[in-house]
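A quick write-up on the structure given underneath.
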Amino acid sequence: MPALFSDADLVRQPREIYPGCVHVPGWLSMNQQRFLVGEFFRWGQTTPEREGISRGIPPHSPEIYGKKMSVRLTSLGWHWSDYAYRNDAPEFGGAQPFAVPDWLQRMGRQALDAAYQPSTAPSWPAFDGPQHAEWVSSYCPDVALINYYAPHASMGMHQDKDERSSMPIVSVSMGNTGVFRAGNSENKNMPFEDILLASGDLIVFGGPSRFMYHGVPKILPDTSPAELNFPEGRINITLRQTGLSPAGN
Ligand code: MD3
Ligand code: FE
């Protein structure tokens, strides 16, 4: 009975954390999460050269401010290196990322639709009805960054500002619960709001929250749902619209 009518469910409702930032706990079904975990393993594998170009960016720890990140990153659509998006990865023999699949772009639109309902996002965006539908269908994320956090990995406070488009960032999480820390848009300082991102959770960042400082100070051990079969670590997928032209490097 406790599992059927748990108090924990009271705080696992969709919630606007800041204007433009909406958390939707348990948005992905277990089947969707399992599928994404399977794709995660495929995305990290490089396919052999075809016409001189190999595809797939192996999971790696980018250097940031001269320090290796503890998170391992792979990506689709673009390769992120030295605070910029590139078509290829010179550090991996010129490998090019796999394309962002159609179904993942559709997931991004479904995420905007789910998060930005008048009931869940009272402050931003300030429109509804046909305008909302048109805006949602204009979302075309051309990059997916896929982070893997081992149990002791973390991500320091930062802003995401390498995109030229101000369309929202969509984030989904699988595996262990992560502590997500949200700050403000001016500096890395307090006050912070810490939010638990569990397996299957969606969180979107648009409008006034798009350029806020954020980080992941901690991964909580032994929190991955057993049915997922991904016992250790956390996967986070963020979808972004870069505003870059496909050929630009
Ligand atoms: C708020 N990833 O990849 S996802 C990142 O859990 C990143 O792996 C974290 O920060 C993670 O850059 C957080 C949630 C997130 C993503 C992008 C944001 C929050 C954001 C951009 C602007 C504001
Ligand atoms: Fe970020």
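Whatever order the structure lists ligands and atoms in, that order sets their numbers, starting from 1.
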Any salt bridge between R240 and D160, counting N to O under 4.0 Å? yes

What are the two closest heavy atoms between R86 and P90, and how far apart are they? NH2-CG, 3.4 Å

Atom 2 (N) of ligand 1 has as its nearest protein heavy atom N147 ND2, 3.5 Å

Is any side-chain heavy atom of E91 closer than 4.5 Å to a side-chain heavy atom of H79? yes

Could you check whether F98 and W43 have their ring centres less than 6.0 Å apart? no

Should you measure from each heavy atom of N236, which atoms of ligand 1 turn up under 4.0 Å away? 4 (S), 6 (O), 8 (O), 11 (C)

Can you check ring pair (Phe, Tyr, Trp, His ring centres under 6.0 Å) on F180 and F205, steps first, answer last? CA-CA 13 Å; F180 173 76; F205 299 84; 5.4 Å; yes

Are any of the heavy atoms in G178 under 4.0 Å away from ligand 1? no

Atoms of ligand 1 close to F180 [distance to a heavy atom under 4.0 angstrom, numbered from 1]: 13 (C), 14 (C), 19 (C)

Do N87 and W78 meet the criterion of a side-chain donor-acceptor pair at a distance under 3.5 Å? no

Please list, in number order, the atoms of ligand 1 under 4.0 Å from a heavy atom of S209. 23 (C)

NZ/NE/NH1/NH2 to OD/OE distance under 4.0 Å, E134 and R109: no

Please report which non-hydrogen protein atom sits nearest to atom 10 (O) of ligand 1, along with the residue it belongs to and the distance in Å to one decimal place. H214 NE2, 2.9 Å

Quick look: V216 vs ligand 1, heavy-atom contacts under 4.0 Å, and the answer is side chain

Just need the protein heavy atom nearest to atom 22 (C) of ligand 1, so name the residue and atom and give the distance. R210 O, 3.0 Å

Report yes or no: does a heavy atom of T238 sit under 4.0 Å from some atom of ligand 1? yes

Run the side-chain hydrogen bond (donor to acceptor under 3.5 Å, both in side chains) test on D142 and T242 for me, step by step, so that the C-alpha distance in whole Å, both residues' side-chain angles and the decisive distance to 0.1 Å come before the verdict. CA-CA 7 Å; D142 59 335; T242 63; 2.6 Å; yes

Can you report which non-hydrogen protein atom sits closest to atom 19 (C) of ligand 1, along with the distance? F205 CE1, 2.9 Å

For Q117 and D113, indicate whether the former's side chain and the latter's backbone hold a donor-acceptor pair under 3.5 Å. yes

Quick one: look up the protein heavy atom nearest atom 5 (C) of ligand 1 and list residue, atom name and how far away it is. R240 NH2, 3.4 Å

Quick one: which ligand 1 atoms are inside 4.0 Å of a heavy atom on S171? 4 (S), 14 (C)

Measuring from the Fe ion (ligand 2), name the closest N, O or S atom belonging to D160. OD1

Are Y18 and F192, when compared by the centres of their aromatic rings, separated by less than 6.0 Å? no

Answer with side chain, backbone, both or neither: which part of C21 has a heavy atom less than 4.0 angstrom from an atom of ligand 1? neither

Salt bridge between D201 and R12, side-chain N to carboxylate O under 4.0 Å? yes

R181, M157, M155: member with heavy atom nearest to atom 7 (C) of ligand 1: M155

E49 and R55 ion-paired at < 4.0 Å: no

For ligand 1, which part of Q159 has a heavy atom less than 4.0 Å away: the side chain, the backbone, both, or neither? neither

Between H158 atom NE2 and H214 atom NE2, the angle centred on the Fe ion (ligand 2) rounds (to 10°) to 90°

For atom 9 (C) of ligand 1, find the nearest protein heavy atom and state the residue, atom name and distance (0.1 Å precision). Y149 OH, 3.6 Å

Considering only protein heavy atoms, which is closest to atom 12 (O) of ligand 1, and at what distance to one decimal place? D160 OD2, 2.8 Å

